[in-house]
Amino acid sequence: MSTLTVYNTRTRQKERFEPIEPGHARVYSCGPTVYAAQHLGNLRPYLFADLLRRALEAEGLRVTHVINITDVGHLTSDADTGEDKMERAAARAGRKASEIAAFYTEKWLLDRRRLNCVPPEVLPKATEHIPEQIALAQILEAKGYTYRIADGLYFDTRKFPRYAEFARLDLEGQEAGARIGDVPEKHQPADFALWKFPVAGVERQQEWDSPWGRGFPGWHLECSAMSVKYLGKSFDIHTGGVDHIRVHHTNEIAQSECAFDVHPWVRYWLHNEFYEFGGEKMAKSTGNVLLLEDLLERGFEPLAFRYFFLQGHYRQQQSFTLEAMEAAATGYRRLLAHAAEVRGEKGEPDRGRIAPLQARFREAVRDDLNAPRALAVAWEVTRSPELSPADKRSLLLEFDRWLGLGLATEEPRTASRESDPRIDALLARREAARATREFATADRIRKELEAEGILVEDTPEGPRWRRR
RNA sequence: GGCGGCGUAGCCAAGUGGUAAGGCAUGGGACUGCAAAUCCCUGAUCCCCGGUUCGAAUCCGGGCGCCGCCUCCA
């Protein structure tokens with residue numbers, strides 16, 4: 001029996017997780033839109049989903065995890081021009097939309113691998129599920145949930161009485177302050193497109209035939225169509241960023257519950273908060289972004305960013321600053337060094353001694369995935385004078401099932417792995433000087449190397465050096 | 001205008017009724033020819049005001065400040 005507890009946005013409370021099908025957790029995560037590189041903020045939901053996935057597996061559950069890839073464009077906010085992000089990116093690069101999508105999909109997958117995220121079971125692409133999306137829209141049309149206007153086929157939110165329930169929307173209040181609608185023909189501001197017709201005079205690469213004519217799917221449709229295809233008409237968990245609660249997830253629920261006559265369509269909705277970056281959210285639309293690659297260029301290890309992620313709770317806004325990133329990198333490096341030191345221990349752990357630490361770690365992670373608390377337990381293990389090296393090895397490697405920090409495999413960045421004839425020669429000269437206690441000469445050589453970014457450290461095993 | 005969240009040491013951040021986890025940085029010590037690395041020690045009464053309570057960072061009320069959603073957005 002699982003004792004994992006998660007905060008369910010649907011009920012606004014922490015609930016014990018019970019899968020619909022005993023022993024099997026079915027999870028859908030809103031995936032990336034691949035018209036641009038994913039920045040650090042975009043990466044948080046996947047780190048979060050990965051933590052969730054690992055926690056479910058640690059509970060002994062089989063996990064089927066689906067993450068969609070949105071490779072068809074959504075309209076930009078400037079709806080009048082009919083511009084589409086995917087199409088625009090393609091036009092700018094002078095490439096085909098499919099090439100742009102493939103390119104950024106690969107980049108995202110690379111980031112996932114670098115961050116040690118467990119690969120999902122299914123990675124469905126929106127463009128490869130057009131028939132499923134059309135079929136879903138047809139069901140809704142047949143059931144009378146839709147209406148057609150010049151702009152496209154729309155979902156009539158008035159026909160779904162529970163529409164405002166999930167996000168606790170105040171539709172009246174919302175209208176009071178709402179801007180002038182983007183599509184004046186819409187019956188209610190909340191109504192959304194299931195199928196869009198092309199805008200006259202605008203060439204689109206991504207268009208398909210449908211019962212309503214040529215066009216392209218509304219952007220909420222793909223998640224409903226693909227999740228249901230791979231996970232069933234009702235499944236356990238749906239994850240995404242908090243920004244999706246209001247519109248995207250509300251609309252997904254409306255479509256799915258109406259089409260399949262299920263309620264609740266998804267039992268547990270889990271949402272991650274945003275990273276704050278320089279006093280505002282990190283967002284592509286504002287250009288306020290930093291990529292994982294940018295961190296690597298600055299000399300950070302990818303898993304140091306995962307460590308940064310684990311230092312905060314997923315449901316809390318977290319401030320990303322380079323200072324905080326440095327702190328995380330140092331912390332990660334040290335934790336890894338501790339793990340590496342005891343990694344090879346062959347002895348058996350003392351079950352009585354490690355049990356309390358195991359219990360506290362599990363308790364933290366089972367309490368709505370409280371990674372910061374779990375990390376603190378890991379640190380306690382490294383500092384404990386009571387635990388034997390074998391105890392520590394056993395605990396840290398077990399904890400890493402959840403943490404995914406590569407504690408069993410990653411090499412700590414301390415000793416130099418490089419060799420350079422010139423530097424080695426200089427170090428040899430310095431050693432000679434030290435041997436004869438000519439410390440002025442020795443220090444001069446070290447200073448010279450430091451000036452070019454090379455740090456020399458004397459150890460009992462002799463000098464070693466590293467860059468930066 | 002509507003809705004949600006947050007404000008804890010220099011920084012990142014746990015903790016939601018019983019007297020403040022953890023990491024990083026700082027300072028001190030050990031070690032070192034000196035450093036580096038490492039190890040040990042070291043700091044906050046929790047935005048402000050009022051209330052409830054034997055007791056509040058934690059509950060209630062009122063301020064101030066910050067972030068987000070309502071439009072593409074993780």
Side-chain angles (χ1 to χ4, degrees), chain A residues 9 12 29-33 35 38-49 73-79 83-85 167-179 181-182 189-190 219 239-248 250 271-276 279-286 307-308 310-332 334-335 337-338 341 360 364 370-380 383 385 414-415 434 437-440 442-443 446-447 450 455-460 463-466:
Chain A
T9 302
R12 309 291 154 112
S29 297
C30 276
T33 49
Y35 61 86
Q38 299 286 299
H39 59 252
L40 298 179
N42 290 321
L43 261 19
R44 191 177 193 187
Y46 310 117
L47 286 166
F48 152 58
H74 298 158
L75 296 179
T76 60
S77 52
D78 191 7
E83 203 174 24
D84 168 307
K85 289 177 174 177
R168 317 251 158 126
L169 298 175
D170 173 1
L171 293 175
E172 312 281 317
Q174 203 173 313
E175 282 178 57
R179 305 157 200 215
D182 47 337
W219 74 284
T239 73
V242 284
D243 57 322
H244 281 154
I245 297 171
R246 292 271 167 165
V247 178
H248 186 48
T250 286
H271 294 96
N272 63 278
E273 256 297 347
F274 275 57
Y275 284 136
E276 190 186 295
E280 57 180 315
K281 69 171 177 170
M282 193 178 281
K284 284 195 277 282
S285 55
T286 57
Y307 183 94
F308 173 83
L310 293 168
Q311 277 190 312
H313 186 94
Y314 76 90
R315 230 150 33 75
Q316 218 57 51
Q317 288 181 16
Q318 190 179 351
S319 299
F320 181 91
T321 61
L322 284 174
E323 191 186 0
M325 188 57 222
E326 289 282 0
T330 304
Y332 173 60
R334 288 185 183 157
L335 184 63
H338 278 108
E341 210 178 297
R360 285 176 44 219
N370 197 320
R373 239 168 72 201
L375 254 193
V377 177
W379 274 103
E380 218 176 295
R383 309 271 201 230
T414 47
R434 290 183 71 209
R437 305 189 67 78
E438 293 169 55
F439 296 123
D443 290 347
R446 186 168 60 195
K447 273 223 159 81
E450 198 177 327
L455 301 179
V456 177
E457 298 173 1
D458 296 324
T459 74
R464 67 186 181 199
W465 60 276
R466 62 192 166 95

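Naming: A, B, ... by sequence-line order, numbering from 1 per chain.
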Review point. Does any residue of residues 373-380 of chain A have a heavy atom under 4.0 Å from RNA chain B, and if so, which ones, in number order?
Key: A/Arg373, A/Ala376, A/Trp379
Review point. When you check the phosphate oxygens OP1 and OP2 of B/rA74, does a side-chain N or O of A/Thr33 lie under 4.0 Å from one of them?
Key: yes
Check your understanding: Does the side chain of A/Arg446 reach to within under 4.5 Å of the side chain of A/Asp458, using non-hydrogen atoms?
Key -> yes
Point to revise | C1' spacing across the pair B/rG43 / B/rG5, given as an integer number of angstrom | key: 30 Å
Practice item. Can you tell me, in whole Å, how much space there is between the P of B/rG17 and that of B/rA74? Key: 36 Å
Point to revise | Nucleotide B/rA13, atom P - distance to CD of A/Glu273 in whole Å | key: 12 Å
Practice item. Can you see which heavy atom on A/Arg246 is nearest to which on A/Ala167, and at what distance? Key: CA-CB, 4.0 Å
Check your understanding: From B/rG10, B/rA37, B/rG22, pick the nucleotide closest to the side chain of A/Glu457?
Key -> B/rA37
Practice item. Classify the nucleic acid contact of A/Gly312 as base, sugar-phosphate or nothing, counting any heavy atom under 4.0 Å across all strands shown. Key: sugar-phosphate
Practice item. Using a cut-off of strictly less than 4.0 Å, decide whether A/His338 has a side-chain nitrogen or oxygen near OP1 or OP2 of B/rC39. Key: yes
Check your understanding: To the nearest 0.5 Å, what is the distance between CG (A/Asn272) and CD (A/Gln316)?
Key -> 12.0 Å
Point to revise | Length of the line joining A/Glu276:CD and B/rA13:C1', which is rounded to integer Å | key: 14 Å
Study note, to complete from the structure: Shortest non-hydrogen pair, A/Gln38 vs A/Asn42, comes out as OE1-CB, 3.1 Å
Check your understanding: Considering only B/rG2, B/rC12, B/rC72, which nucleotide approaches the side chain of A/Trp219 most closely?
Key -> B/rC72
Practice item. Answer with base, sugar-phosphate or nothing: what part of the nucleic acid does A/Tyr307 contact at a heavy-atom distance below 4.0 Å? Key: sugar-phosphate
Check your understanding: How many Å lie between NE2 on A/His271 and P on B/rC69, as a whole number?
Key -> 14 Å
Check your understanding: How many Å lie between CD1 on A/Ile245 and C1' on B/rU71, as a whole number?
Key -> 17 Å
Exercise for review: Indicate the ring-plane relationship of A/Phe48 and A/Tyr314, choosing parallel, tilted or perpendicular according to the 30° and 60° boundaries.
Suggested key: parallel
Point to revise | Gap between atom CD of A/Gln318 and atom CZ of A/Arg44 - 0.5 Å precision | key: 5.0 Å
Check your understanding: Partner of B/rU45 by Watson-Crick or G-U wobble geometry, both contacts under 3.5 Å, or none?
Key -> none
Study note, to complete from the structure: A/Arg44 atom CZ is separated from B/rC67 atom P, nearest whole Å, by 17 Å
Check your understanding: Using the C1' atom in both, what is the distance from B/rC60 to B/rU52, to the nearest Å?
Key -> 7 Å
Point to revise | Point-to-point distance, once rounded to the nearest 0.5 Å, from SG of A/Cys30 to NE2 of A/His248 | key: 3.5 Å
Review point. Roughly how far apart, to the nearest Å, are B/rU58 and B/rG7 at atom P?
Key: 11 Å
Review point. How many angstroms lie between atom CD1 of A/Ile245 and atom OG1 of A/Thr9, to the nearest 0.5 angstrom?
Key: 4.5 Å
Review point. Can you tell me how far P of B/rC39 sits from CG of A/Leu335, to the nearest Å?
Key: 11 Å
**Study point:** Nearest-angstrom distance from the residue atom CZ of A/Phe320 to P of B/rC24
**Key:** 18 Å
Check your understanding: What heavy-atom pair brings A/Arg315 and A/Glu273 nearest, and what distance separates the two atoms?
Key -> O-CG, 3.4 Å
Check your understanding: Among the nucleotides B/rC11, B/rA13, B/rC72, which one has an atom lying closest to any side-chain atom of A/Gln318?
Key -> B/rA13
Practice item. For A/Arg383, answer base if it contacts any base atom (sugar-phosphate contacts may also be present), sugar-phosphate if it contacts only those atoms, and nothing otherwise; contact means non-hydrogen atoms under 4.0 Å. Key: sugar-phosphate
Check your understanding: Using atom C1' of each nucleotide, how far apart are B/rG15 and B/rG23 to the nearest Å?
Key -> 16 Å
Practice item. Classify the nucleic acid contact of A/His244 as base, sugar-phosphate or nothing, counting any heavy atom under 4.0 Å across all strands shown. Key: sugar-phosphate
Practice item. Indicate, yes or no, whether a donor-acceptor pair under 3.5 Å links the base of B/rC67 to the side chain of A/Gln317. Key: yes
Practice item. Determine the Euclidean distance between corresponding P atoms of B/rU26 and B/rC11; express it in Å to zero decimal places. Key: 15 Å
Check your understanding: Out of curiosity, A/Glu326 CD to A/Phe308 CZ, how far, rounded to the nearest 0.5 Å?
Key -> 12.5 Å
Practice item. Side-chain contact test, heavy atoms from C-beta onward, threshold under 4.5 Å: evaluate it for A/Arg334 versus A/Thr330 and give yes or no. Key: yes
Point to revise | Residue matched to B/rC24 through Watson-Crick or wobble contacts both under 3.5 angstrom | key: B/rG10
Point to revise | Along RNA chain B (nearest heavy atom to each residue), the more 5'-positioned of A/Ser319 and A/Leu40 | key: A/Ser319
**Study point:** Complementary nucleotide for B/rA30 - Watson-Crick or wobble, under 3.5 Å
**Key:** B/rU38
Check your understanding: Can A/Phe274 be said to stack with the base of B/rA74, given centres closer than 5.5 angstrom and planes under 30 degrees apart?
Key -> yes
Exercise for review: For nucleotides B/rC6 and B/rU19, find the distance between their P atoms and express it as a whole number of Å.
Suggested key: 23 Å
Exercise for review: With a 3.5 angstrom cut-off on both distances, give the Watson-Crick or G-U wobble partner of B/rG4, or none if there isn't one.
Suggested key: B/rC67
Exercise for review: Report which part of the nucleic acid A/His248 touches: base, sugar-phosphate, or nothing (heavy-atom distance under 4.0 Å, all strands).
Suggested key: nothing
Exercise for review: Provide the Watson-Crick or G-U wobble partner of B/rC59, both distances under 3.5 Å; none if there is no partner.
Suggested key: B/rG51
Study note, to complete from the structure: RNA chain B nearest-nucleotide lookup for A/Thr321 and A/His313: closer to the 5′ end is A/Thr321
Check your understanding: In whole Å, what is the span from the CZ atom of A/Arg168 to the P atom of B/rG4?
Key -> 9 Å
Check your understanding: Do the ring planes of A/His338 and A/Trp379 sit parallel (below 30°), tilted (30 to 60°) or perpendicular (above 60°)?
Key -> perpendicular
Exercise for review: Determine, for nucleotides 25-34 of chain B in 5'-to-3' order, which nucleotides have protein heavy atoms under 4.0 Å from the base (write B), from only the sugar-phosphate (write S), or from neither (write -).
Suggested key: S-------BB
Study note, to complete from the structure: Sorted by chain and residue number, the ring pair (Phe, Tyr, Trp, His ring centres under 6.0 Å) partners of A/Tyr46 (sequence neighbours excluded) come out as A/Trp108
Check your understanding: Is the shortest side-chain N/O distance from A/Asn370 to OP1 or OP2 of B/rG15 below 4.0 Å?
Key -> yes
Review point. When you compare B/rC39 with B/rC24, how far apart are their P atoms, in angstrom units rounded to a whole number?
Key: 9 Å
